[in-house]
Amino acid sequence: MSERIFTCERALGPATEATVLVSMRTFSPRYDLDRENGIFSRSDHPLQGQRIAGTILVSPGVQGGIAGGWAFMMMRGRGVGFAGLVFGKVNPVMVQGAAAAGIPILAGVDPAIFEVLRNGDHVRLEPAARRVVVLPGPSYG
Amino acid sequence: MLLNDEEKAIAEGAQGEAARMCIEQQIEVGDFFGAERFVPVSNVHMMGDYEVMGNAGQSFLQRLLDAGGKVRVGTSRNAQCVEYEYSQRLRQSVELVSHEKDVRKLLGALGIWTVDTCIGYQTLYVPRFGEHIAWGDTGTVAYANSVLGARTNYESGPAAIASAITGRTPAYGFHLDEVRRPTARIVLEAPLDDVADWGALGGIIGDRVRDYWSVPAIVLAPGVRGPSPDELKHLGAALASHGSLAMFHLVGVTPEARSERELGTKPLRDEFSVTRADLESFYERTTPADPAVRLVVFSAPQLSLSEIETIADAFAGRRIAEDMTVLITTNAMVKAAAASTGIEGRIAATGAMLLQGTCWYIMDPAEMQRQFGWTRVVTNSAKLANIIKAHGYEPILRPTQVCVDAAVTGAVR
């Protein structure tokens with residue numbers, strides 16, 4: 001099995017590698033997360049109870065607001081936060097928050113990625129090249 | 001981004017290390033969004049309290065301060081997570097109160113007004129049409145862009161502080177004419193009677209037109225009256241909460257939509273109507289299996305004086321039920337006005353608590369759930385009903401009079 005590459009329209013931050021959490025829901029740190037402990041806590045969220053530490057979130061979009069600007073920094077400081085973010089559509093707060101926290105964020109990802117990626121797959125984010133590389137693994141083939 | 005001489009100097013550290021750090025981050029974000037230049041801002045509103053920033057954010061503020069950081073335009077702080085007068089009664093932790101006091105000192109040292117409000121546009125600073133600002137708190141952004149015709153993106157806490165220190169923000173998004181034109185047309189066919197109705201409308205549109213870069217234009221069907229400023233406040237807050245939207249037009253009401261013709265000819269991505277049945281369906285989504293309730297909250301956004309008076313009137317001399325908690329949040333300016341006009345006394349007589357400087361959903365409601373055993377919350381705020389699920393609550397959205405009746409009877413209909 002070989003790597004598979006998905007391009008993005010915009011990106012910033014350092015390159016990183018990690019396993020992914022895929023959410024088809026639009027994402028908000030305040031609405032979806034217990035930010036103290038880095039856990040999906042929204043009562044009706046498919047990922048409820050899932051720990052996020054060291055993972056890369058892949059989601060088609062975002063909702064709500066401003067709290068994300070501090071949330072990524074706060075969770076990184078506590079060692080419970082995302083290692084990176086990949087979105088379809090994005091708002092400025094997610095980008096500003098990722099920049100302030102020093103984690104990579106990519107937006108405008110090729111929507112075909114959502115047909116391929118599964119929770120636990122391993123990816124490499126390459127912001128400078130504006131691409132997400134899905135690495136060979138058990139669930140991707 | 002193209003930088004002018006002053007911006008180049010800031011980037012080289014000529015105005016201090018804090019300003020250099022800030023503009024470096026602003027350039028990174030500006031490049032991400034393809035901004036060609038900066039635009040000066042005349043006012044900043046930032047979100048930043050201990051609940052949202054934690055120790056890492058506190059350290060960030062300290063680093064800015066140590067590096068000589070000082071705001072250069074008027075900068076207000078959003079609602080905070082602690083209510084000093086009621087913290088013990090609401091069992092807020094001593095640690096949270098202590099941390100928040102530390103954050104408050106840091107913000108004050110940076111020159112930020114710790115006015116703790118998310119309705120500064122009703123009480124503190126009203127930008128003029130076309131004014132470039134850098135505001136955080138999504139509801140304030142929606143109101144500024146839509147109702148006032150000012151220009152701002154969502155600015156996160158760190159980004160807003162950066163704008164306050166450098167006096168500028170990257171010119172992308174809602175600072176630009178083309179982004180402000182409508183992308184969807186919605187006909188409102190139902191007369192709306194309450195702030196909750198307008199919030200529900202925002203929820204319906206936000207759920208469907210869910211994209212920061214979308215701008216819905218709402219057209220009132222014949223016979224449908226336009227909203228009051230408080231109703232516009234709830235509409236904008238719910239659009240932002242449900243749809244991450246930063247701007248809307250209301251034809252014949254908001255300043256960039258005096259007529260449909262004025263809205264331009266950008267191709268629409270969506271067009272639909274909202275009827276009374278749609279609104280009833282939206283309310284029905286939060287109808288509980290068990291009508292018993294012990295908590296009613298009026299918050300998100302903070303209430304204006306007229307909203308508080310409406311609640312006092314709705315109680316009509318009645319008191320809240322046994323084992324019931326009713327929380328109303330506002331800012332210090334409105335609370336002072338409520339005190340001087342006797343409205344605060346009327347609220348106190350009902351048994352409700354009038355909190356200042358906070359918004360309930362940032363007061364660690366998950367901890368309050370553990371402390372008080374609350375499972376459901378009745379509210380007239382569509383924004384709050386959307387947010388509070390993250391903290392394990394079952395929200396029940398209802399018009400103001402129904403919320404007050406639930407507070408009196410202990411049951412919601």
Side-chain angles (χ1 to χ4, degrees), chain A residues 9-13 25-37 39-45 48 60-81 87-102 105-108 127 130, chain B residues 25-26 28-29 31-34 46-49 51-60 78 135-141 153-160 162 170 172-173 206-207 210-214 240-246 361-362 364 366 383 386-394:
Chain A
E9 295 169 2
R10 307 175 189 282
L12 64 73
R25 292 261 191 104
T26 52
F27 172 73
S28 162
R30 184 183 293 285
Y31 297 3
D32 295 338
L33 299 180
D34 167 354
R35 288 165 285 131
E36 288 274 311
N37 299 299
I39 299 172
F40 272 93
S41 58
R42 188 177 177 95
S43 53
D44 58 356
H45 200 288
Q48 188 189 16
V62 302
Q63 67 168 316
I66 303 295
W70 291 111
F72 301 130
M73 180 191 292
M74 170 183 166
M75 292 190 291
R76 186 173 189 195
R78 294 176 65 85
V80 300
F87 292 112
K89 293 174 178 172
V90 74
N91 70 23
V93 169
M94 300 295 165
V95 180
Q96 296 157 355
I105 180 168
L106 296 88
R130 295 183 181 179
Chain B
Q25 204 169 97
Q26 291 184 299
E28 192 176 20
V29 172
D31 283 340
F32 182 100
F33 286 110
M46 57 83 60
M47 173 187 279
D49 61 16
E51 186 268 348
V52 76
M53 70 172 66
N55 288 336
Q58 211 173 328
S59 299
F60 173 80
N78 205 54
W135 280 12
D137 181 77
T138 57
T140 68
V141 171
N153 286 307
Y154 284 1
E155 297 281 3
S156 70
Y172 64 90
D207 282 344
R210 182 175 279 175
D211 175 12
Y212 180 78
W213 307 98
S214 291
S241 176
H242 281 262
S244 194
L245 298 172
Y361 71 87
I362 61 175
D364 199 355
K383 173 178 178 172
N386 191 36
I387 289 176
I388 207 62
K389 293 176 203 165
H391 302 279
Y393 286 79
E394 181 185 5

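Every value quoted in this text rests on a predicted model; they were computed, and no experiment measured them. These numbers come from the heavy atoms of this one structure, side chains and all, not from hydrogens, waters or symmetry mates.
At least one side-chain heavy atom of A:Trp70 sits less than 4.5 Å from a side-chain heavy atom of B:Pro158. Proximity of B:Tyr212 to A:Val62: side-chain heavy atoms (C-beta onward) are nowhere separated by under 4.5 Å.
Between A:Pro92 and B:Phe33, the shortest heavy-atom contact is CA-CZ, 3.7 Å. Here the closest heavy-atom approach between residue B:Thr138 and residue A:Ile66 is recorded as N-CG1, 3.5 Å. The two residues B:Phe32 and A:Arg10 have their closest heavy-atom pair at O-NH1, 3.0 Å. Of all heavy-atom pairs spanning A:Ala99 and B:Glu28, the tightest one is CB-OE1, 3.8 Å. Closest heavy-atom contact between B:Ser156 and A:Gly69: CB-CA, 3.4 Å.
The candidate from A:Val93, A:Leu12, A:Asp44, A:Thr26 with the greatest count of non-hydrogen atom pairs under 4.5 Å with chain B is A:Leu12. Here A:Ala67 is the residue among A:Ala101, A:Ala67, A:Gly97, A:Gly77 with the most heavy-atom pairs under 4.5 Å with chain B. Heavy-atom pairs under 4.5 Å with chain A were tallied for B:Gly48, B:Gly157, B:Gly139; the largest tally goes to B:Gly157. Your options are A:Met75, A:His45, A:Lys89, and the one with the most heavy-atom pairs under 4.5 Å with chain B is A:Lys89. Heavy-atom pairs under 4.5 Å with chain A were tallied for B:Lys383, B:Arg210, B:Glu394, B:His391; the largest tally goes to B:Arg210. By number of non-hydrogen pairs under 4.5 angstrom with chain B, the leading residue of A:Val90, A:Leu33, A:Asp32, A:Ile105 is A:Val90.
Of the atoms belonging to B:Asn386, heavy atoms from both backbone and side chain fall under 4.5 Å from chain A. The part of B:Asn153 that comes within reach of chain A is its side chain, from C-beta onward, which places non-hydrogen atoms under 4.5 angstrom from that chain. Residue contact with chain B, scored on non-hydrogen atoms closer than 4.5 Å, involves the side chain of A:Arg35 exclusively. Contacts between B:Glu155 and chain A at a heavy-atom distance below 4.5 Å involve backbone atoms as well as side-chain atoms. Residue contact with chain A, scored on non-hydrogen atoms closer than 4.5 Å, is absent for B:Gln58. Contact annotation for A:Asp34: neither backbone nor side-chain heavy atoms come within less than 4.5 Å of a heavy atom of chain B. Heavy-atom distances place the backbone of A:Ala71, and not its side chain, under 4.5 Å from chain B.
A distance-only check finds no donor-acceptor pair linking the side chain of A:Arg42 to the backbone of B:Lys389 [under 3.5 Å]. Panel note: side chain A:Gln96, backbone B:Ala159; no donor-acceptor pair is recorded below 3.5 Å.
Rounded to the nearest 0.5 angstrom, B:Asn55 CG and A:Met73 CE are separated by 12.5 Å.
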